[in-house]
Chemist: 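Got a structure for you, written out below as structure tokens; questions coming shortly.
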Amino acid sequence: MNRGNYSDIEDEDNFGMHEYMPEDEYRGESDFANDALSVIGAYKGQRNSDDERHGFGKAILPNGDAYVGTYKNGLRHGRGQYRFVNGAIYQGCYREGLRNGKGVMIYNDKSKYEGYWIDNKKDGEGVFKFKNNDKFSGTWKSDMKHGLGTYTFCKTGAVLTGMWLNDKKVNNFQVFYPISENTGFTFHGTWDENEMVTGKGYFVFGHLKCMQSGEYVENPFYKNDKSSELQNKICKSLWLSNKILPIINGMLPRVPKARQVARARSSCDTSFLIVDKLSAVDVPAQTSSHMEMYEHKDDLWAEMEELEIDPKLNQEVDTKSSNYNDQIE
């Protein structure tokens with residue numbers, strides 16, 4: 001019997017976020033022994049005239065993952081929640097079996113992405129909060145930071161604004177360093193090909209109405225030092241300056257303007273449910289549930305009754321929906 005396979009569309013670093021793509025499913029429940037459920041999974045929900053999963057349904061997959069949401073012609077399509085066996089959860093939009101449109105992914109290390117997806121990859125506007133509480137807010141392309149964005153460092157509160165190209169920092173940038181709640185200073189500079197600060201730069205002190213101009217140069221002691229231990233303690237570049245000027249905005253390196261990015265068409269529109277003939281199914285109302293690691297129980301059908309879309313995640317996605325345009329640009 002074909003037990004299905006995993007999509008090779010993406011590789012979510014080391015998170016193991018591959019969604020199981022069933023090629024065969026449980027049909028005649030009474031025709032199989034109970035222990036077969038743990039091998040081929042279980043599905044309870046609506047079907048179309050071709051006996052495909054179509055409409056609202058709940059599934060326990062052979063690898064222990066679980067899905068609650070809508071299907072179209074046998075594929076996850078519309079709004080749903082997918083729970084990975086390692087504890088990660090995705091809630092949001094699907095199209096033709098893949099994450100497309102707006103969605104929220106909470107990874108098993110508690111990092112979190114809220115934003116747009118195209119074919120299972122982060123693509124478009126989105127916010128990623130890392131496990132150390134650093135945060136990147138900007139545009140993505142194929143799971144990589146790509147375009148204008150801001151990176152906030154949790155420890156220092158510093159905020160980097162700049163451009164990324166295929167996950168690499170490029171061109172001009174600026175970093176705001178907070179001093180107190182209402183004051184701080186900003187450095188304006190440029191990256192080299194190795195993402196190192198290079199050339200002329202400017203420290204701007206708005207509260208003092210002045211700026212310091214200077215230049216980052218290679219540290220000769222770093223290059224000549226053969227000890228890797230000492231190199232880790234020595235800066236690769238040195239800041240040289242002897243000029244204090246009034247703030248002259250025209251001298252500051254400009255951060256490139258953001259380019260308009262295409263967004264995935266949201267597939268959370270389930271209007272297809274109205275026109276298609278669906279088999280009747282008793283679907284319980286939504287109830288609150290806990291975001292916890294999915295575990296098999298002895299009675300899988302009883303467990304399916306407990307699978308519900310988390311209302312907290314629903315609220316998060318709906319709140320973000322007002323900030324995004326669902327149409328293709």
Side-chain angles (χ1 to χ4, degrees), residues 6-20 63-67 80-93 98-170 173 175-178 191 194-196 232 288-295 309-321 323-324:
Y6 291 93
S7 169
D8 60 357
I9 296 293
E10 67 169 329
D11 180 8
E12 296 275 4
D13 297 325
N14 296 317
F15 294 118
M17 296 296 103
H18 294 292
E19 295 185 19
Y20 192 88
N63 67 335
D65 293 350
Y67 173 76
Q81 182 188 92
Y82 192 104
R83 299 189 179 195
F84 297 84
V85 72
N86 65 6
I89 297 178
Y90 170 78
Q91 178 153 324
C93 298
L98 302 176
R99 297 192 289 274
N100 277 279
K102 295 186 294 293
V104 178
M105 174 76 86
I106 300 178
Y107 296 89
N108 59 338
D109 67 350
K110 305 306 178 185
S111 59
K112 180 181 179 181
Y113 173 77
E114 298 182 59
Y116 277 86
W117 303 79
I118 294 180
D119 294 344
N120 273 3
K121 293 183 181 293
K122 296 182 284 291
D123 208 306
E125 298 176 7
V127 179
F128 195 103
K129 187 175 182 180
F130 298 86
K131 61 181 179 181
N132 66 348
N133 288 323
D134 284 359
K135 182 175 70 173
F136 174 81
S137 177
T139 55
W140 300 75
K141 182 180 180 180
S142 297
D143 272 343
M144 295 183 289
K145 295 182 285 293
H146 191 88
L148 183 66
T150 60
Y151 191 104
T152 303
F153 298 86
C154 176
K155 272 191 174 182
T156 63
V159 180
L160 165 66
T161 302
M163 294 290 292
W164 277 258
L165 179 65
N166 297 328
D167 238 12
K168 184 178 180 179
K169 297 186 287 290
V170 297
F173 71 95
V175 184
F176 175 76
Y177 298 91
W191 303 110
N194 297 315
E195 299 183 88
M196 296 293 296
N232 291 332
S288 62
S289 61
H290 298 288
M291 212 183 317
E292 58 188 7
M293 181 173 291
Y294 176 86
E295 294 179 351
I309 294 180
D310 194 321
K312 292 182 181 179
L313 282 177
N314 257 326
Q315 185 177 4
E316 290 181 3
V317 176
D318 292 339
T319 300
K320 291 293 179 181
S321 297
N323 299 327
Y324 294 119

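Computed from a predicted model, the values in this text were never measured in an experiment. Note that these values count all heavy atoms, side chains included, but never hydrogens, waters or copies made by symmetry.
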Chemist: Counting only heavy atoms not in Lys129, do more than 12 fall under 6.0 Å of its NZ?
Modeler: no
Chemist: Is NZ or CZ of Lys145 both nearer than 6.0 Å to the six-membered ring centre of Phe136 and within 45° of the ring axis?
Modeler: yes
Chemist: Rounded at 0.5 Å granularity, tell me how far CD in Glu114 sits from OG in Ser137.
Modeler: 10.0 Å
Chemist: Search all heavy atoms of Ser142 against all heavy atoms of Lys121 and return the closest pair with its distance.
Modeler: CA-CD, 3.9 Å
Chemist: Is the backbone of Trp117 close enough, under 3.5 Å, to the side chain of Asp123 for a donor and an acceptor to pair up by distance?
Modeler: no
Chemist: Can you tell if the side chain of Met105 reaches within under 4.5 Å of the side chain of Arg99, non-hydrogen atoms only?
Modeler: yes
Chemist: Do the non-hydrogen side-chain atoms of Val175 and Val159 ever get within less than 4.5 Å of each other?
Modeler: no
Chemist: Which pair of non-hydrogen atoms, one from Asn86 and one from Ala88, has the smallest distance, and what is that distance?
Modeler: OD1-N, 3.0 Å
Chemist: Answer yes or no: is there a donor N or O on one side and an acceptor on the other, between the side chain of Asn63 and the main chain of Asp65, under 3.5 Å?
Modeler: yes
Chemist: Could you point out which residue of Phe84, Tyr113, Tyr90, Phe128 forms a ring pair (Phe, Tyr, Trp, His ring centres under 6.0 Å) with Tyr107?
Modeler: Phe128
Chemist: Can you tell me how far NZ of Lys102 sits from CD of Glu125, rounded to the nearest 0.5 angstrom?
Modeler: 11.0 Å
Chemist: Considering residues at least two apart in sequence or located in another chain, which fulfil the salt bridge (Lys or Arg N to Asp or Glu O under 4.0 Å) criterion with Lys141?
Modeler: none
Chemist: Nearest 0.5 Å, please: how far is CZ in Phe153 from CG in Asn132?
Modeler: 9.5 Å
Chemist: To the nearest 0.5 Å, tell me how far Leu98 CG sits from Asp119 CG.
Modeler: 5.0 Å
Chemist: Which pairs with one or both residues in residues 147-160 pass side-chain hydrogen bond (donor to acceptor under 3.5 Å, both in side chains), sequence neighbours excluded?
Modeler: Asp134-Tyr151
Chemist: Does some side-chain heavy atom of His146 sit less than 4.5 Å from a side-chain heavy atom of Asp167?
Modeler: no
Chemist: To the nearest 0.5 Å, what is the distance between OH (Tyr177) and CG (Leu160)?
Modeler: 8.5 Å
Chemist: State, with a plain yes or no, whether a side-chain heavy atom of Trp164 is found less than 4.5 Å away from one of Lys169.
Modeler: yes
Chemist: Using 0.5 Å steps for rounding, measure from the CG atom of Asn120 to the NZ atom of Lys122.
Modeler: 10.5 Å
Chemist: Return the minimal non-hydrogen interatomic distance between Gly138 and Trp140, and the atom names on each side.
Modeler: O-CD1, 3.6 Å
Chemist: Quick one: does Leu148's side chain get under 4.5 Å of Thr139's, heavy atoms only?
Modeler: no
Chemist: Would a 4.5 Å heavy-atom cut-off, applied to side chains only, mark Cys93 and Asn100 as touching?
Modeler: no
